[in-house]
Amino acid sequence: TATRPAMKARAVNTDYKSLVQTQLANGLLDYYLREKRLEKYLKVAVEQSIVLGSGYIKMDWNATAGEVYDFDEALNVEIREGDLEFSNLSAFDVFFDTNREDDNHSWIICRSYKDRFDLIAKYPEHEDEILRLPSKNQSKSFATFNFHADETDLIPVYEFYHRRTEAVPDGLYHLYLDHDITLLESPLPYRNIPVYCINPAKYLGTPYGYTPMFDLIGLQDAVNSLYSTILTNQTAFGVQNILVPQGANVSVSELTGSLNVIEYNAQLGEIKPLNLTQSPPEVFQFIQVLEKAMETISGINSVARGNAPENLKSGNALALVQSMALQYVSGLQQSYVAMVEDIGTGIINILKDHASVPRVAAIVGKNNRTELREFTGDSISAVNRVVVDVANPLANTTAGKVQMAEQLLQMGAIKTPEQYFSVLNTGQLDVMTDDI
């Protein structure tokens, strides 16, 4: 996730109108990445997938968001532009048919938490029921984190999505708070279920995701126990005790400064410290064995962690070792690219279907110059798909940039220190017109 994903829209046709709409769609995708902070939700989803096995992003169209566009005097309500909203869901907040052997779900239930008073303002007819519902701290449901039970106004909100099938040709959307409190029910307002998943790997024969971190739990417990053993020993016996033979008749005489003379009866034995802080060397050796095994299982070697071994000096060697770590996580990268492509396509489709009033977005154009562009859903009607161009991940690492700089220097392509540092900083070689 260090590099912003390069989403590119594709149109059905190649005529001039479609190409213009494609450029607008590319600008809108960049707008939601930057201005609406879609990148932040992508990174959280990736982190959740690495820790929990699966990470989710839910995308909704909020008709009451955005600027006020008009006012309906008959209903006495403001008509707003509406806008896309993103949210992260953990593996504890997404429910589906657990008997499936794939993730092609016909239905999904999502749980999120919203302020009860915001819900009352939006659905005043259910005020009494909403006020009686238990808040998040009072519920006993599973959650990613539950550090404390402080009072809160957040209550669980459930959304049921059913995609269009032969049994449910129009799909189904059901928004509810409890089994008898329904806020909204309608045909599915989106072309697909707007919940997108990322998995480092699949748990074979199940719809669940799998992460190598599961394999590290037992090893990490063992490492924690060994470190605890060492620390307990050091804490308990860090201050040394002194062994003095019984009846040694010890006396202390202080000299100038901080020197002391200790007199004792040598015939009864020597005064010596009692050293109990020494831990067996096998404990430290076993810690190294466990950490090496964890490095192998996770695929994240010492170079990728920023702790290069002393026997690796050259940039080529460091780049090779780091490329092995990148190759190991290629499954996660493929899932990440697929999720970004599906989200990009979902953004375009939702805007086409729901952005009916003119909207203004800050579009980045040529030479990174920003301009405000007005658009509606019809402005991108010809766009049907979003793809992601994946750059070489090694080119985004320090070791990879060092390797490229050294090779370009050997080939004579780099002629100035500025060009060398340009490769190290950006991974690209800036060639001036005079050099061509």
Side-chain angles (χ1 to χ4, degrees), residues 1-13 16-47 55-70 78-89 189-196 198 336-391 396 426:
T1 61
T3 304
R4 176 173 295 169
M7 292 192 286
K8 292 186 177 181
R10 289 183 176 177
V12 179
N13 302 315
Y16 177 75
K17 178 182 178 182
S18 299
L19 293 178
V20 172
Q21 292 192 6
T22 300
Q23 293 178 357
L24 175 60
N26 290 333
L28 291 175
L29 293 171
D30 183 74
Y31 166 77
Y32 279 98
L33 278 173
R34 291 181 297 103
E35 302 296 332
K36 298 301 180 180
R37 299 294 186 265
L38 175 57
E39 269 184 305
K40 177 183 69 175
Y41 299 98
L42 293 174
K43 292 181 179 180
V44 172
V46 172
E47 183 177 10
Y56 297 88
I57 292 180
K58 181 169 70 75
M59 181 169 57
D60 291 311
W61 178 262
N62 187 354
T64 60
E67 300 293 332
V68 176
Y69 175 72
D70 200 353
E78 295 177 339
I79 300 177
R80 295 182 175 270
E81 295 177 342
D83 202 358
L84 286 168
E85 291 184 348
F86 307 96
S87 60
N88 286 108
L89 301 173
Y190 310 109
R191 303 190 184 189
N192 299 291
I193 297 178
V195 179
Y196 307 94
I198 177 174
Y336 175 70
V337 170
M339 180 184 68
V340 175
E341 288 183 344
D342 291 341
I343 290 177
T345 303
I347 290 175
I348 297 301
N349 288 335
I350 291 178
L351 289 176
K352 287 195 295 185
D353 297 338
H354 296 277
S356 57
V357 301
R359 304 167 47 81
V360 176
I363 306 299
V364 176
K366 190 176 181 181
N367 298 325
N368 291 327
R369 297 180 62 181
T370 303
E371 62 174 334
L372 295 178
R373 185 81 63 87
E374 187 179 72
F375 72 97
T376 63
D378 294 335
S379 304
I380 51 175
S381 59
V383 179
N384 69 330
R385 182 64 180 162
V386 173
V387 298
V388 174
D389 289 336
V390 181
N396 298 323
T426 65

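Not measured: the values here are computed from a predicted model.
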Closest approach of [X] and [Y], non-hydrogen atoms and distance?
X      : Y      : value
Ile348 : Ala25  : CD1-CB, 3.8 Å
Ile350 : Met59  : CD1-CE, 3.9 Å
Leu29  : Gly344 : CD2-O, 3.8 Å

Using side-chain contact (heavy atoms from CB on, under 4.5 Å) as the criterion, list what pairs up with [X], not counting sequence neighbours.
X      : answer
Tyr41  : Ile57, Phe86, Asn88
Thr345 : Asn349, Arg385, Val386
Ser379 : Leu24, Phe375, Thr376
Thr64  : Asn62, Lys122

Not counting sequence neighbours, which residues clear salt bridge (Lys or Arg N to Asp or Glu O under 4.0 Å) with [X]? List them please.
X      : answer
Arg191 : Asp353
Glu39  : Arg4
Lys36  : Asp83
Lys58  : Asp60, Glu159

Atom pair [atom1] ([X]) and [atom2] ([Y]), whose distance is rounded to the nearest 0.5 Å:
X      : Y      : atom1 : atom2 : answer
Asp342 : Asn192 : CG    : CG    : 8.5 Å
Arg37  : Glu35  : CZ    : CD    : 6.5 Å
Asn384 : Gln21  : CG    : CD    : 11.0 Å
Ile343 : Tyr32  : CD1   : OH    : 13.5 Å
Leu28  : Ile347 : CG    : CD1   : 9.0 Å
Asn26  : Asp30  : CG    : CG    : 9.0 Å

(message) Which residues pass the side chain to side chain donor-acceptor pair (under 3.5 Å) test with Thr22, not counting sequence neighbours?
(response)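 Scan of Thr22 (side chain to side chain donor-acceptor pair (under 3.5 Å), adjacent residues dropped) gives none.
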(request) Just jot down the ring-ring contact (aromatic ring centres under 6.0 Å, His included) partners of Tyr190, sequence neighbours excluded, or say none. (result) His354
(request) Decide side-chain contact (heavy atoms from CB on, under 4.5 Å) for Leu84 and Leu351; before the verdict, give the C-alpha distance in whole Å, the side-chain angles of both, and the deciding distance to 0.1 Å. (result) CA-CA 8 Å; Leu84 286 168; Leu351 289 176; 4.3 Å; yes
(request) Let me see the working for Leu42 and Leu33 under side-chain contact (heavy atoms from CB on, under 4.5 Å), right down to the final yes or no. (result) CA-CA 10 Å; Leu42 293 174; Leu33 278 173; 4.2 Å; yes
